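Following: one structure in structure tokens, then a few remarks.
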2 protein chains.
Amino acid sequence: MARPDRPARVRGTGNHILDALPPADLARLRPDMEEVALVVRDVVFDAREIITAVHFPVSGIVSLVTPMEDGSIVEVTTVGNEGMVGVPVFLGAQSTTVRAISQVSGRALRLPVDAFLRAIDDHSQLRAVVQRYTQALFTQISQSAGCNRLHSNEERLARWLLMSHDRVGADRFPITQEFLSQMLGVRRATVTVSAGILQRAGFISYARGQVTIVDRKGLEGASCECYRIMQTELVRLLSY
Amino acid sequence: MARPDRPARVRGTGNHILDALPPADLARLRPDMEEVALVVRDVVFDAREIITAVHFPVSGIVSLVTPMEDGSIVEVTTVGNEGMVGVPVFLGAQSTTVRAISQVSGRALRLPVDAFLRAIDDHSQLRAVVQRYTQALFTQISQSAGCNRLHSNEERLARWLLMSHDRVGADRFPITQEFLSQMLGVRRATVTVSAGILQRAGFISYARGQVTIVDRKGLEGASCECYRIMQTELVRLLSY
DNA sequence: CTCCTTCCGTACGCTACCGTACGCATTGGG
DNA sequence: CCCAATGCGTACGGTAGCGTACGGAAGGAG
């Protein structure tokens with residue numbers, strides 16, 4: 001299972017959803033969009049908070065997490081430049097129960113909700129693509145739900161690293177074990193142990209908040225099937 | 001957190017989505033719909049299989065589960081007469097990675113995919129309601145993903161019983177511990193232990209595949225917050 | 001250069017749940 | 001009426017990950 005090719009950006013925004021639009025449609029959206037920076041730990045929207053804009057990442061990673069009453073959180077899926085942050089708006093909701101938090105710093109195109117909803121009405125192509133991305137998100141979250149229950153910490157860590165690798169498009173990216181532990185819903189110390197195993201196996205190297213993917217194939221072998229399933233379904237649904 | 005009132009059916013099908021439609025819209029759908037029985041263990045649709053019809057349950061429970069390569073499964077959410085089985089079709093997909101399996105026998109109205117898609121195009125009200133149900137499903141699955149990771153077997157069992165209680169509309173319903181163990185992603189013996197605790201606490205009684213909800217309030221106290229969150233969000237989104 | 005913060009490695013007792021297995025009670029079919 | 005199948009209770013050793021804690025190394029700020 002190879003990671004999706006990352007074609008040279010001959011044109012476009014860098015976000016796969018936007019770049020799937022006819023150039024004329026995209027041009028009409030442009031005036032309403034603003035490019036913003038998403039700095040690590042930024043909360044794009046919080047649970048039960050009115051969502052004012054949707055975001056199309058062009059770089060970096062945003063995590064969708066379920067916050068619990070005791071303050072703990074668990075990631076349900078990640079969004080990179082393949083997707084969109086704010087799908088609940090597409091489904092007619094003003095808020096949701098999940099939090100969207102920037103996990104790896106990057107940039108995104110911000111589109112206010114009213115402009116987005118108008119665009120959805122006007123551009124059938126955009127509607128179709130977002131619809132299929134929504135379905136991909138469904139797959140990812142459903143698979144996560146099972147994965148969280150059945151698979152070991154080490155497998156899930158490998159999966160997380162692979163998904164992030166796909167989305168950041170670089171072999172080295174910043175992520176602390178403390179953050180990772182929150183995403184995976186385990187102790188920080190457990191991440192240290194699992195990451196140590198992957199590191200000693202020669203798949204990754206870890207140092208002071210920077211992880212480097214050394215042997216991607218090896219990492220794929222260490223991951224559970226869930227990575228492959230999510231990735232395959234994403235490519236299948238978004239092969240515009 | 002009271003369970004939603006179950007108003008006497010003065011009219012309608014018994015399925016909340018269909019009954020939220022203007023009578024004229026529903027009347028036009030009727031010729032295309034067929035009432036079918038869903039017997040326990042029936043697979044309504046399987047992972048990676050073309051979905052040929054959507055189903056609107058009027059009684060019984062359908063579970064959406066994520067099947068893993070080793071044959072194990074985990075429930076990601078349940079669907080009763082508040083919802084619809086086949087949301088991926090609404091999102092433009094022909095298949096998905098989850099399996100829909102009947103968990104408590106009942107009846108459903110079956111609508112072929114092409115008729116459903118036509119209806120979605122023609123009836124904006126149906127589109128709006130299904131859209132919001134889709135959002136509710138999102139909430140449920142996301143919450144499940146976190147719950148599966150963070151909460152104890154006993155809490156999750158209580159949550160499952162409460163959700164099912166809401167959907168079957170009866171204090172007593174059939175469910176074996178073997179099935180429950182698959183839904184919760186644990187051993188059958190673990191279910192026995194947890195169910196035993198709930199039983200000795202006087203919240204439920206269990207005998208040969210029949211569970212009886214004895215003390216609903218007590219069960220709510222034994223459940224994690226996830227039941228309340230899912231239920232609140234469902235009511236909020238579907239309070240037509 | 002020093003101090004303080006961040007980040008990571010490790011350790012230890014503990015708990016929940018696992019895999020497996022056995023036995024018993026109830027139920028339905030021949 | 002008997003037997004097989006189904007469903008549940010229980011037991012026991014094993015283990016993954018927990019809560020907590022301590023220490024050390026790297027880096028940034030003054």
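This structure is a prediction, so every number in the text was calculated from the model and none was measured. Lettering follows sequence order; numbering is per chain, from 1.
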How many whole angstroms separate atom NE2 of His151(A) from atom P of dC18(C)? 14 Å

Residues at least two apart in sequence or cross-chain that pass salt bridge (Lys or Arg N to Asp or Glu O under 4.0 Å) with Arg48(B), listed by chain then number, are none

How bent is the helix from dC1(C)-dG30(D) to dG30(C)-dC1(D), comparing axes over its five end pairs at each side, to the nearest 10°? 30°

Test of understanding: with ring pair (Phe, Tyr, Trp, His ring centres under 6.0 Å), list the residues that count as partners of Phe45(A), not counting sequence neighbours. none

Gap between atoms CG and P, on Leu198(B) and dC8(D) respectively (whole Å): 14 Å

Just how far, in rounded Å, is C1' of dC17(C) from CG of Leu150(A)? 13 Å

State whether a side-chain donor-acceptor pair under 3.5 Å links Gln143(A) with Thr66(B). no

With sequence neighbours excluded, tell me which residues meet salt bridge (Lys or Arg N to Asp or Glu O under 4.0 Å) with Arg107(A). Glu35(A)

Using 4.0 Å as the upper bound for N to carboxylate O, is an ion pair formed by Glu225(B) and Arg159(B)? no

Note: Val98(A) and Ser142(B) closest approach over all heavy atoms is CG1-CB, 3.7 Å

Which nucleotides of nucleotides 11-16 of chain C have their base under 4.0 Å from a protein heavy atom (B), which only their sugar-phosphate (S), and which neither (-), written as one string 5' to 3'? B-----

Rounded off to whole Å, could you give me the OH-to-C1' distance for the Tyr206(A) and dT6(C) pair? 13 Å

Could you identify which residues of residues 66-74 of chain A place a heavy atom less than 4.0 Å from some atom of DNA chain D, listed by residue number, or say none? none

To the nearest angstrom, the CD-C1' distance between Glu154(A) and dG17(D) comes to 13 Å

Which atom pairs, donor and acceptor, lie under 3.5 Å between side-chain atoms of residues 145-152 of chain A and protein residues at least two apart or in another chain?
unit_1, atom_1, unit_2, atom_2, d
Asn148(A), OD1, Arg156(A), NH1, 3.2
Asn148(A), ND2, Ala145(B), O, 3.0
Arg149(A), NE, Asn148(B), O, 3.2
Arg149(A), NH1, Gly185(B), O, 2.9
Ser152(A), OG, Glu155(A), N, 3.2
Ser152(A), OG, Glu155(A), OE1, 3.4

Of all the heavy-atom pairs spanning Ile17(A) and Met84(A), show the shortest one and how long it is. CD1-CB, 3.9 Å

Excluding sequence neighbours, so at least two apart, what forms salt bridge (Lys or Arg N to Asp or Glu O under 4.0 Å) with Arg99(B)? Asp46(B)

dC18(C) OP1/OP2 closer than 4.0 Å to side-chain N/O of Thr190(B): yes

What pairs of residues pass the side chain to side chain donor-acceptor pair (under 3.5 Å) test when at least one of them lies in residues 184-196 of chain B, not counting sequence neighbours? Asn153(B)-Ser194(B), Gln177(B)-Thr192(B), Arg187(B)-Thr190(B), Arg188(B)-Thr192(B)

Is a donor on one side and an acceptor on the other found under 3.5 Å between the side chain of Ser181(A) and the backbone of Glu178(A)? yes

For Asp215(A), salt bridge (Lys or Arg N to Asp or Glu O under 4.0 Å) partners two or more places apart: none

Residues touching DNA chain C, which here means a heavy atom under 4.0 Å, drawn from residues 174-186 of chain A: Thr176(A), Gln177(A)

When you measure from the side chain of Thr13(A) to the backbone N and O of Leu18(A), does any donor-acceptor pair fall under 3.5 Å? no

Which pair of heavy atoms, one from Ile73(A) and one from Pro67(A), lies closest together, and at what distance? CG2-CA, 3.8 Å

For atom CD of Glu155(A) and atom P of dA16(D), their distance in whole Å: 12 Å

Please answer whether the main-chain N or O of Gly83(B) pairs with a side-chain N or O of Asn15(B) as donor and acceptor at a distance below 3.5 Å. yes

Determine yes or no for a side-chain-to-main-chain donor-acceptor pair under 3.5 angstrom, with Asn81(A) supplying the side chain and Gly14(A) the backbone. yes

For nucleotides 22-30 of chain C, give me one character per nucleotide, 5' to 3': B if any protein heavy atom sits under 4.0 Å from the base, S if the only such contacts are to the sugar-phosphate, - if neither. ---BBS---

